[in-house]
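Just so it is clear, the values below take in all heavy atoms, side chains as well, and ignore hydrogens, waters and symmetry mates.
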Amino acid sequence: PKGLACDDRGYLYVGLASRSNKEFASLDVVKYDEKGSDGWLKCVSSQIFITTDSKTKTGINGVAVREIAGKYYLYVVVNYDVDYLYRFDVTDPTAPVVDATFGDNGRIDLQKDPFGLKEGNYLDVDDDGTIYLGFTKGAGTGFMLISDDGKKVINTVSQNKGYAVKLWENYVLVSSQSGPTCICVYDKATLTLITTINFDDKNVDKTCDAFEFGGMNSIVGMGVANDVLYVCDQGANGGIDQILIAPLTEIGKPVVDAYVT
């Protein structure tokens, strides 16, 4: 499993690659608030949506879901040797269908113009369908804005190792995956950099005796719920897997305090 997204109806969308990252990628939809007869989350649909040959490395990166004009759309980034962005209509989560109105018959080939990417990473989608995608492109990296129909690039922002992307209110949060890992915060309207959040002794609370913080290694995911920011560290290259949280407003503070307690 790689790439997760929840909607407000109780469904979790999971991008799945084969163990060898070859030949196919698939998609499962499960109920995050309901268990099946086997005790696992209840699976309501499962499908292999792309097949390749045995020599083509095929994986999953970003997965995002958004309700737009009464319909639910799921966005899935396929990466490695092929680089696609699919959009599914998941209004009926038991029967996801590729949305043929998006891109080229339901998907974007991110390696081709006007995108020209080496790698599509993680993404978020705004209420109007605008896509914010972290990317690697030749010698350049950053994030780009893609039109809601998947046919053009609206804007591109250069950033070191643009990877995870999260929209929150009037901000765009984009992680630099590594070297060193951090979060860059942009004004959504102007795409100007407001601040950079680093992870060190100066801004990580280590007052809990049970918590040993040795730094962040590779931020691969971010989420916001109840005005609390969740930051996921992959722990690659000798680091540890960890999740850090921080309140973004006064609303989020009691949520964090409850976790600490």
Side-chain angles (χ1 to χ4, degrees), residues 1-5 13-18 21-27 48-52 56-66 73-88 90 96 98-99 102-126 129-167 172-179 181 183-184 186 191 218-223 232 234 236:
K2 191 176 181 185
L4 305 170
Y13 303 87
V14 186
L16 296 156
S18 68
N21 282 317
K22 298 289 178 67
E23 299 187 3
F24 72 91
S26 59
L27 171 69
I48 293 175
F49 65 91
I50 178 173
T51 56
T52 58
T56 302
K57 191 175 182 180
T58 308
I60 296 286
N61 268 345
V63 174
V65 63
R66 177 66 67 179
Y73 294 104
L74 180 71
Y75 303 77
V76 181
V77 177
V78 178
N79 69 316
Y80 292 130
D81 291 344
V82 292
D83 288 279
Y84 298 120
L85 172 55
Y86 282 82
R87 186 167 86 169
F88 297 85
V90 291
V98 175
D99 178 13
F102 179 78
D104 182 10
N105 203 34
R107 75 179 186 188
I108 299 169
D109 188 335
L110 293 170
Q111 293 181 0
K112 293 183 178 180
D113 291 335
F115 311 99
L117 302 186
K118 179 182 178 182
E119 198 80 89
N121 295 322
Y122 288 80
L123 77 165
D124 203 354
V125 182
D126 210 349
T130 302
I131 300 160
Y132 292 70
L133 173 70
F135 71 84
T136 302
K137 181 179 183 179
T141 61
F143 70 97
M144 65 171 49
L145 279 65
I146 300 173
S147 61
D148 61 334
D149 60 5
K151 298 184 185 297
K152 61 186 179 188
V153 176
I154 300 172
N155 211 333
T156 301
V157 178
S158 178
Q159 178 193 300
N160 181 47
K161 296 188 178 180
Y163 206 63
V165 180
K166 184 63 186 176
L167 302 175
V172 186
L173 286 70
V174 183
S175 75
S176 176
Q177 183 188 11
S178 59
T181 193
I183 297 175
C184 297
Y186 299 87
L191 299 181
S218 178
I219 295 174
V220 297
M222 295 178 291
C232 303
Q234 182 183 31

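- At a threshold of 4.5 Å between non-hydrogen side-chain atoms, the residues L27 and I48 do not count as touching.
- For the pair D81 and K57, the salt-bridge criterion is not met [side-chain N within less than 4.0 Å of a carboxylate O].
- With rounding to the nearest 0.5 Å, the separation of CG in N61 from CG in L85 is 11.5 Å.
- Exactly one residue among S178, S175, S176, S218 makes a side chain to side chain donor-acceptor pair (under 3.5 Å) with K161. That residue is S178.
- Side-chain contact check for I146 versus I108: some heavy-atom pair is nearer than 4.5 Å.
- For the atom pair OG (S147) and CG (N155), the distance works out to 12.5 Å, reported to the nearest 0.5 Å.
- Across all non-hydrogen atoms, the minimal contact from G59 to A17 is CA-CB, 4.1 Å.
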ask   = Do T130 and I154 pass the side-chain contact (heavy atoms from CB on, under 4.5 Å) test, and can you show the C-alpha distance, the side-chain angles, and the key distance before you say yes or no?
value = CA-CA 9 Å; T130 302; I154 300 172; 4.0 Å; yes
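- Residues Q177 and Q234 form a side-chain contact, since some pair of their non-hydrogen atoms from C-beta on lies under 4.5 Å apart.
- D124 places no side-chain N or O within 3.5 Å of a backbone atom of I131 that could act as its donor or acceptor partner.
- The shortest side-chain heavy-atom distance between Y13 and V90 falls under the 4.5 Å cut-off.
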| request: For V77 and F135, run side-chain contact (heavy atoms from CB on, under 4.5 Å): C-alpha distance rounded to whole Å, both residues' side-chain angles, the deciding distance at 0.1 Å, then the answer. | output: CA-CA 11 Å; V77 177; F135 71 84; over 6 Å; no
Walk me through it: do V14 and V63 pass the test side-chain contact (heavy atoms from CB on, under 4.5 Å)? CA-CA 7 Å; V14 186; V63 174; over 6 Å; no
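- One N or O on the side chain of E119 and one on the backbone of Y80 form a donor-acceptor pair closer than 3.5 Å.
- With no hydrogens or angles considered, a side-chain donor-acceptor pair links Y86 and R107 at under 3.5 Å.
- For K151, the NZ atom counts as densely surrounded, since its 6.0 Å shell holds more than 12 non-hydrogen atoms of other residues, nucleotides or ligands.
- Looking at every heavy atom in both residues, A64 comes nearest to A5 through CA-CB, 3.9 Å.
- The cationic atom of R87 (NZ for Lys, CZ for Arg) lies less than 6.0 Å from the six-membered ring centre of Y73 and within 45° of the ring axis.
- When each of V125, L173, V172 is paired with V165, the side-chain contact (heavy atoms from CB on, under 4.5 Å) condition holds for V172 and for no other.
- I60 and A25 get closest at one heavy-atom pair: CD1-CB, 3.8 Å.
- Put simply, the side chain of F115 reaches to within 4.5 Å of the side chain of M144, judged on heavy atoms.
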Run the ring-ring contact (aromatic ring centres under 6.0 Å, His included) check on Y186 and F143 step by step: do they pass?
CA-CA 11 Å; Y186 299 87; F143 70 97; 5.0 Å; yes
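- Under the 4.5 Å side-chain criterion, counting only non-hydrogen atoms from C-beta, I183 is in contact with I219.
- Atoms CG and CZ, on L123 and R66 in that order, are 10.5 Å from each other to the nearest 0.5 Å.
- Between the NZ atom of K2 and the OH atom of Y122 there is a distance of 4.5 Å, given to the nearest 0.5 Å.
- At a cut-off of 3.5 Å, with distance as the only test, no side-chain donor of T141 or T136 sits close to an acceptor on the other residue.
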Evaluate Y132 against L167 for side-chain contact (heavy atoms from CB on, under 4.5 Å), listing each step before the verdict. CA-CA 8 Å; Y132 292 70; L167 302 175; 3.8 Å; yes
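- Looking only at atom types and distance, the side chain of T58 has no donor-acceptor partner in the side chain of K22 under 3.5 Å away.
- A 4.5 Å side-chain heavy-atom check between Y163 and V220 finds at least one atom pair inside the cut-off.
- Annotation: the span from L145 atom CG to L133 atom CG amounts to 10.0 Å, rounded to 0.5 Å.
- In this model, no donor atom of one side chain and acceptor atom of the other lie less than 3.5 Å apart for Y84 and Q111.
- By the 4.5 Å heavy-atom criterion applied to side chains, E23 and S18 are not counted as neighbours.
- Taking both residues in full, the closest heavy atoms of P114 and K152 are given as CG-CA, 4.3 Å, listed atom of the first, atom of the second, then distance.
- If you take CG on N79 and CG on L117, they are separated by 11.5 Å, rounding to the nearest 0.5 Å.
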